[in-house]
Structure formats: structure tokens, C-alpha cells
Amino acid sequence: MGGDRLPVGRRVAYWRGRRRLSQQVFADRLGKSKSWVDKVERGVRSLDRVSTLQEIATVLRIDAAVLLGRDVQPAQVIERAAEVERIRAALSRYEVPLGRAAGGRCCRPGRWPGR
């Protein structure tokens, strides 16, 4: 989305568009008017209540921190992703047999038992 500098209203508009919701449908799900949604998205009306921000995030199926432009990936998640990449790199260095013969013996491609 490219934007920690984007105002909250622009983020709401972006995510509403990503979810393919019209302003009217979005407003109906929030229990607000279409005019209210339009004003929020244009920055005319501010989102100063945490509960409203949470409701919007719930309807958009995103974390409220995303609407505020905050990093929502905790260090633990980033660290795990790095570990997964290290494991993938290690596993890619090994040749993996493609099948097993009866009795648990490995088979190389083209060398199946009984052939």
C-alpha cells in the first residue's frame, strides 16, 4: 500500500476497495450513513474513538493497527520467518528420494522394484 504517511481515512478507503465493498454496503455494515463513510475517507471527519476504529477494522477484516499505519508484525513473527528460510535453505541442499519400495526401502527414479 506504500504508506505510513497515509491518513487513516485513506487507509479505510484503500481497504474498503480491497474488500470490494461499496461505500453504501460498508456504511450499512457499520450502522453508519454513506455520507459518514465518505467524510471519513476524505478526512473531513476524524476517527477519534477507538471503538469506531475497531468496528471498521472488524468489518474490513484487518487489524486496527493497520489503519493506524503501525507495523503489525511482531518481532517474533519476523524471527520465525527467518528461521523458516534457513530451514528451507538447509533442506534444499539434500537430495530427497521420490518414493519408497515395499518394505521401506528407498527407490530412485526409474528403479522401481519388479522392473
Side-chain angles (χ1 to χ4, degrees):
M1 190 169 80
D4 289 75
R5 295 185 187 114
L6 282 178
V8 174
R10 297 273 303 191
R11 287 191 188 92
V12 170
Y14 171 82
W15 284 103
R16 180 184 57 76
R18 291 283 309 263
R19 299 298 183 240
R20 297 181 182 198
L21 297 172
S22 67
Q23 283 186 337
Q24 185 62 59
V25 169
F26 184 56
D28 290 346
R29 290 185 183 177
L30 287 171
K32 305 284 187 185
S33 69
K34 181 181 179 251
S35 172
W36 183 89
V37 170
D38 182 59
K39 288 177 183 175
V40 166
E41 291 182 351
R42 290 185 295 124
V44 174
R45 181 178 188 98
S46 63
L47 293 172
D48 51 2
R49 298 178 86 191
V50 174
S51 60
T52 304
L53 199 62
Q54 285 287 21
E55 288 174 36
I56 290 171
T58 299
V59 169
L60 294 174
R61 298 183 326 253
I62 58 173
D63 193 288
V66 171
L67 292 176
L68 297 173
R70 297 187 181 147
D71 182 17
V72 293
Q73 283 199 334
Q76 213 173 29
V77 172
I78 294 169
E79 186 178 309
R80 282 186 187 167
E83 287 176 23
V84 168
E85 287 307 314
R86 284 192 295 272
I87 291 169
R88 280 188 181 141
L91 289 174
S92 70
R93 291 189 292 258
Y94 294 97
E95 187 175 316
V96 179
L98 296 178
R100 294 220 171 255
R105 293 187 316 237
C106 273
C107 297
R108 292 190 187 133
R111 304 193 92 199
W112 294 96
R115 285 192 181 171

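The minimum heavy-atom distance linking V37 with A27 is given by the pair CG2-CB, 3.6 Å. Of all heavy-atom pairs spanning R29 and L21, the tightest one is NH1-CD2, 3.3 Å. For the pair A64 and Q54, the tightest heavy-atom approach, listed with the atom from each and the gap, is CB-OE1, 3.7 Å. The shortest non-hydrogen separation linking S22 to V25 is OG-N, 3.0 Å.
With a 6.0 Å radius and a threshold of 12 heavy atoms from other residues, nucleotides or ligands, K39 has its NZ atom at or below the threshold.
To the nearest 0.5 angstrom, I56 atom CD1 is 11.5 Å from R16 atom CZ. Annotation: the span from S92 atom OG to I87 atom CD1 amounts to 12.0 Å, rounded to 0.5 Å. Summarising the geometry, atom CZ belonging to R49 is positioned 8.5 Å from atom CD belonging to E55; distances are rounded to the nearest 0.5 Å. To the nearest 0.5 angstrom, L60 atom CG is 7.0 Å from R19 atom CZ. Distance check, rounded to the nearest 0.5 Å: OG of S35 to CD of Q24 gives 10.5 Å. To the nearest 0.5 Å, atoms CZ (R88) and CG (L91) are separated by 10.0 Å.
L67 is not listed as a side-chain neighbour of L47, based on a closest heavy-atom distance of 4.5 Å or more. Proximity of T52 to V40: side-chain heavy atoms (C-beta onward) are nowhere separated by under 4.5 Å.
No continuous path of hydrophobic side-chain contacts links V44 to L6 [ILVMFWY only; heavy atoms under 4.5 Å].
For the 3.5 Å distance criterion, the side chains of R18 and Y14 qualify, holding a donor opposite an acceptor.
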